[in-house]
Amino acid sequence: MGLIFKMNMKAYLANQIQAVLATIEGVPSDFEVQFQVPARADQGDLASNFAMQLAKKVGTNPRAFAERVLSTIEFDPDLIAGVEVAGPGFINFRFSKNYLWNGVVEILMKGVAYGRSTQGAGKKAMVEYVSANPTGPLTVGHGRNAVLGDTMANVLDWVGYDVTREYYFNDAGRQMRVLAQSVRARYLELIWPDCPMKKIGEGEEGIWVPEAFPNGGYQGTYIIEIAATLREEKGDDLIENREWQADEVPEAELVPFKEKAITLIFKDIDQTMRRMGVKMDTFFNEHTLYTNGNVEATLAALRKTGLVFDADGAVWFKTSTFGKEKETVLVKSSGEPTYRLPDMAYHVEKLNRGYDLCIDLFGADHIDTYPDVLNGLKVLGYDAQKIQVVIYQFVTLMKGGEAVKMSTRKANFVTLDDLMDEVGEDVTRYFFLAVSPNTHINFDLDLAKAEAEKNPAFYLQYAHARIHQIITKAAEVGLSLKAEGDLSVLTHDREITLIKALLQFPDEIIGTAKSLQPQRLINYLREVAEAFHAFYHDCRIIGEAEDVAQARYNLACAAQYVVRNGLGILGLSTPEKM
RNA sequence: GCGCCUGUAGCUCAAUUGGAUAGAGCAACGGACUUCUAAUCCGUAGGUUACAGGUUCGAGUCCUGUCAGGCGUGCCA
């Protein structure tokens with residue numbers, strides 16, 4: 001039993017068929033037989049379309065070709081209960097009950113490891129995500145990034161990769177100077193309540209800020225909180241000249257404001273991530289790339305390719321070579337690199353650290369810039385295939401039926417914490433995982449709140465809670481997991497449907513890893529939960545005949561492993577009662 | 001203007017990456033608790049997949065064009 005089952009069903013069928021195809025003239029030698037799970041139950045458990053793909057090449061019609069191939073194969077009745085040619089030329093395979101029952105045993109044996117596979121074994125992967133600079137709290141937009149990245153990291157782990165989760169950030173440069181100036185202006189306001197104020201923004205949108213507030217400053221109230229904390233800790237003497245405008249303030253005076261802001265904002269970001277179950281392995285400061293010389297080395301290497309030139313005091317990358325309209329600045333005339341250069345240096349660093357796969361999660365606003373980075377790596381001789389960029393579309397904030405572009409600077413964002421406060425951590429994760437990264441999300445907090453109680457996340461979790469309750473109750477009447485139990489009494493439609501769903505779990509994880517589309521896994525788990533709820537409704541355990549009760553109890557345990565492992569990958573909690 | 005993403009049921013979204021009769025949730029309607037939890041189950045209704053062509057055994061999916069929305073097109077990140 002165990003031996004036969006160890007062989008993957010697809011691999012078994014492919015071997016049988018491939019052996020026959022190899023003897024037929026006209027079949028390409030590199031042809032690979034493909035399988036899919038049919039959409040409808042009456043179309044069998046697994047289907048192949050090879051006859052339709054090959055019929056023309058071998059000079060016949062699909063159905064005839066299918067019959068011809070099948071007539072020469074005798075499938076192991078222990079695995080396959082039926083084969084038929086259907087529709088335009090599909091070949092539908094039906095699994096034997098024996099195969100299904102053995103499958104349940106397999107699940108129970110693997111337990112918390114059921115679903116794991118070895119595609120990525122021996123390989124290192126890095127998922128770089130969140131990577132928000134410390135300019136403010138994480139927003140709903142960052143949430144999409146965080147949840148997608150975290151789940152992809154989990155999925156890669158389950159297919160065997162050694163996964164590192166990295167957060168890349170930059171706490172220097174103009175952005176941080178403006179942040180420090182913003183905090184300083186709010187601090188000034190606190191120690192000097194009568195300081196001259198100005199209004200920025202128009203009409204009702206406008207807010208009052210001290211004169212020293214910088215152009216493009218950060219308007220969020222968290223800036224005031226940071227200023228207040230700083231005042232509590234350091235007193236009122238951090239400002240030398242109250243009359244200075246933002247850009248008259250010397251760098252040295254800004255230091256304490258900047259440092260406090262970075263510390264407090266990162267603390268806040270960290271708490272938000274923890275709350276969502278996002279845990280990074282490493283944090284990488286862009287600054288490191290300057291101190292270790294990688295930025296300079298990368299530029300020097302790029303120069304040797306002849307694709308770099310100097311003009312107008314700046315250093316340019318010849319992006320027109322790669323089909324872009326314009327050339328791209330790598331180093332500004334001020335001597336300061338644009339972010340593209342350290343980005344290239346960073347990816348060189350990643351590849352040099354030995355990662356076989358690097359996943360980058362970017363919002364749609366990076367769509368035009370990452371090709372520069374990849375092209376840079378290519379001309380430097382690196383294998384850019386190892387870098388997989390996942391672009392997710394923007395989360396647009398809806399207020400009163402109108403779309404507002406979220407901006408940390410303008411503080412018209414909804415924080416991730418706000419969202420979790422309103423709908424909870426699990427619904428928040430589900431919200432981002434259920435849709436394709438390519439989907440534009442219109443986000444309305446009021447609507448999200450109103451519909452939170454009906455969120456499908458609970459449908460999955462309820463399945464887990466029910467199973468837990470059964471197991472608890474069943475223990476009271478003396479039932480326990482007995483792997484040697486006879487499962488051949490599992491013949492009810494609900495039981496069979498559930499088993500078939502459970503057996504697809506490993507393939508679903510592999511498919512999710514390949515496509516980097518986590519919503520696939522959610523769709524699948526919904527099917528599993530649906531199959532379980534239906535089973536629960538129609539097939540009782542406690543009070544049934546001993547053999548039936550035992551077999552169903554075992555099946556419930558198998559279902560629990562799938563639901564629990566699946567929810568774990570998605571980062572959703574597994575409640576024992578609801 | 002050009003590049004990328006999107007357009008699917010009243011609403012929010014899926015669709016195994018080119019497969020068979022396009023599916024879920026919410027909203028609507030009708031049934032099912034004396035049982036291991038009704039946050040569940042069973043059923044009804046809802047569609048010219050934005051539009052027009054094309055490619056092939058087969059198109060929501062690929063190619064061309066049109067329309068609509070989002071993002072980009074910085075010596076900002």
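To find a chain, count down the sequence lines: A is the first, B the second, and so on, and within it residues start at 1.
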> Any N or O donor-acceptor pair linking the side chain of A/Asn49 to the base of B/G19 at under 3.5 Å?
Replying inline: yes
> Does B/G65 pair with anything, Watson-Crick or G-U wobble, both distances under 3.5 Å, and if so, with which nucleotide?
Replying inline: B/C51
>> Please classify the nucleic acid contact of A/Tyr459 as base, sugar-phosphate, or nothing, using heavy-atom distances under 4.0 Å.
In response: sugar-phosphate
> For RNA chain B, what residues of residues 516-523 of chain A have any heavy atom nearer than 4.0 Å?
Replying inline: A/Gln517, A/Gln519, A/Arg520, A/Asn523
> What is the base-pairing partner of B/G72, counting Watson-Crick and G-U wobble geometry with both distances under 3.5 Å?
Replying inline: B/C2
> Which distance, rounded to the nearest 0.5 Å, do you find between the CD1 of A/Ile499 and the CZ of A/Phe535?
Replying inline: 8.5 Å
> C1' atom, B/G58 versus B/C11: distance in rounded Å?
Replying inline: 32 Å
For nucleotides 7-12 of chain B, which of its nitrogen or oxygen atoms have a protein nitrogen or oxygen under 3.5 Å away, and what is each distance?
none

> Syn versus anti for B/C33, judged by chi lying within 90° of 0?
Replying inline: syn
> Cut-off 3.5 Å, side chains only: do A/Thr135 and A/Thr408 have a donor facing an acceptor?
Replying inline: no
>> Can you tell whether the side chains of A/Arg526 and A/Glu530 come within less than 4.0 Å, N to carboxylate O?
In response: yes
> Does A/Val331 have any side chain to side chain contact (heavy atoms under 4.5 Å, CB included) partners at least two apart in sequence or in another chain, and if so, which?
Replying inline: A/Leu299, A/Val315, A/Leu341
> When you measure from the side chain of A/Lys332, which nucleotide among B/U37, B/C75, B/C36 comes out closest?
Replying inline: B/C75
>> Base contacts versus sugar-phosphate-only contacts with protein, heavy atoms under 4.0 Å: please encode nucleotides 54-61 of chain B as B, S and - from 5' to 3'.
In response: ---B----
> When rounded to the nearest Å, what value does the distance between P atoms of B/C71 and B/C13 take?
Replying inline: 16 Å
>> Could you identify the nucleotide paired to B/G60, looking across every strand shown and requiring Watson-Crick or G-U wobble geometry with both distances under 3.5 Å?
In response: none
> Can you tell me if A/Asn285 uses its side chain to pair, donor with acceptor, with the backbone of A/Thr288 under 3.5 Å?
Replying inline: no
>> Taking syn as a glycosidic torsion within 90° of 0 and anything else as anti, which one is B/U17?
In response: syn
>> Which nucleotide, if any, forms a Watson-Crick or G-U wobble pair with B/A32, using both distances under 3.5 Å?
In response: B/U40
>> Under 3.5 Å, is there any donor-acceptor pair linking the side chain of A/Ser334 to the base of B/C75?
In response: no
> Would you call the rings of A/Tyr370 and A/Phe362 parallel, tilted or perpendicular if under 30° counts as parallel and over 60° as perpendicular?
Replying inline: tilted
> What distance separates A/Asp507 CG from A/Gln36 CD, expressed to the nearest 0.5 Å?
Replying inline: 13.0 Å
> Which residues satisfy the ring pair (Phe, Tyr, Trp, His ring centres under 6.0 Å) test with A/His533, sequence neighbours excluded?
Replying inline: A/Tyr459, A/Tyr462
> What integer number of Å spans the C1' atoms of B/A9 and B/C29?
Replying inline: 16 Å
>> Among residues at least two apart in sequence or on other chains, which ones pass side chain to side chain contact (heavy atoms under 4.5 Å, CB included) with A/Glu527?
In response: none
